[in-house]
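All remarks here apply to the structure that follows.
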Amino acid sequence: MAVVRVTGRDGVERMLDAANGSQLMDTLRDANTGIDGTCGGMMSCGTCHVYVDPAWGDKLPPKSDDEQMMLDAIGELVEVRPNSRLSCQIQVSAALEGLELEIAPPV
Ligand code: FES
C-alpha cells in the first residue's frame, strides 16, 4: 500500500490509501475525486488525467508512446503539462508512498 496526497479540483488535499498492484486511477475514482476512468484503464478516454508533483517525475516509469498520444489528444480540451500523467498507467507500489498529485480539469 502507498499513501498518496491528492489535491482536488477544489484545492482541498486528501490522503488516500492505494493498494499495491492496482492502477492509481482505481483509488482516485473510488474516492470520488472527480476521476472517472471511463475506459477502465485502456488509455482511450483521458478522464484519469492528473498532474504529478514534478519532484516525482523521475521516480515514476516513463510515459509510453500511447500514453503521450492520449495526453496530446486531450491537450486540445484541457491544459496538459510536462508532469501530466494518465493515472491508469501508474501502477501502485510501496515506492509511491508520499506521491503528490493534483486532479486535472475534466475533459
Ligand atoms: S482510464 Fe481511460 S485513459 Fe486512463
Side-chain angles (χ1 to χ4, degrees):
M1 188 185 77
V3 179
V4 297
R5 180 186 300 268
V6 177
T7 303
R9 294 178 181 137
D10 56 5
V12 175
E13 285 188 0
R14 300 168 64 184
M15 305 298 285
L16 299 178
D17 295 340
N20 284 348
S22 68
Q23 296 176 337
L24 185 56
M25 178 272 287
D26 293 331
T27 296
L28 301 176
R29 181 195 57 209
D30 294 349
N32 297 315
T33 60
I35 290 291
D36 292 331
T38 308
C39 74
M42 301 301 291
M43 266 195 297
S44 61
C45 71
T47 64
C48 62
H49 178 204
V50 298
Y51 301 124
V52 173
D53 184 314
W56 278 84
D58 293 343
K59 301 174 190 167
L60 297 176
K63 296 171 205 170
S64 67
D65 290 346
D66 287 343
E67 181 178 358
Q68 187 60 57
M69 281 175 51
M70 190 68 236
L71 289 167
D72 291 344
I74 64 172
E76 304 199 3
L77 304 170
V78 297
E79 179 185 3
V80 171
R81 305 173 184 167
N83 58 329
S84 286
R85 295 299 303 257
L86 297 177
S87 58
C88 68
Q89 299 306 302
I90 300 175
Q91 186 166 16
V92 177
S93 72
L96 295 192
E97 178 70 25
L99 176 71
E100 298 185 27
L101 61 86
E102 178 184 345
I103 305 296
V107 293

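Count residues from 1 along the sequence. Order of listing sets the numbers, starting from 1, for every ligand and every atom in it.
Contact record, Ala95 with Trp56: O-CZ3, 3.5 Å, taken as the closest heavy-atom pair. In terms of heavy atoms, Glu67 sits closest to Gln89 at OE1-CB, 3.6 Å. Scanning both residues, Cys48 and Met25, for their nearest heavy atoms gives CB-CG, 3.6 Å. What you find for Val52 and Arg85 is that their closest heavy atoms are CG2-CG, 3.8 Å. In terms of heavy-atom proximity, Arg29 sits nearest to Asp36 at CD-O, 3.4 Å.
Looking at Leu24, Asn83, Leu96 one by one, the single match for side chain to side chain contact (heavy atoms under 4.5 Å, CB included) with Leu60 turns out to be Leu96.
Counting only protein atoms, the N, O or S atoms lying less than 2.8 Å from atom 2 (Fe) of ligand 1 are Cys39 SG, Cys45 SG, ordered by chain and residue number.
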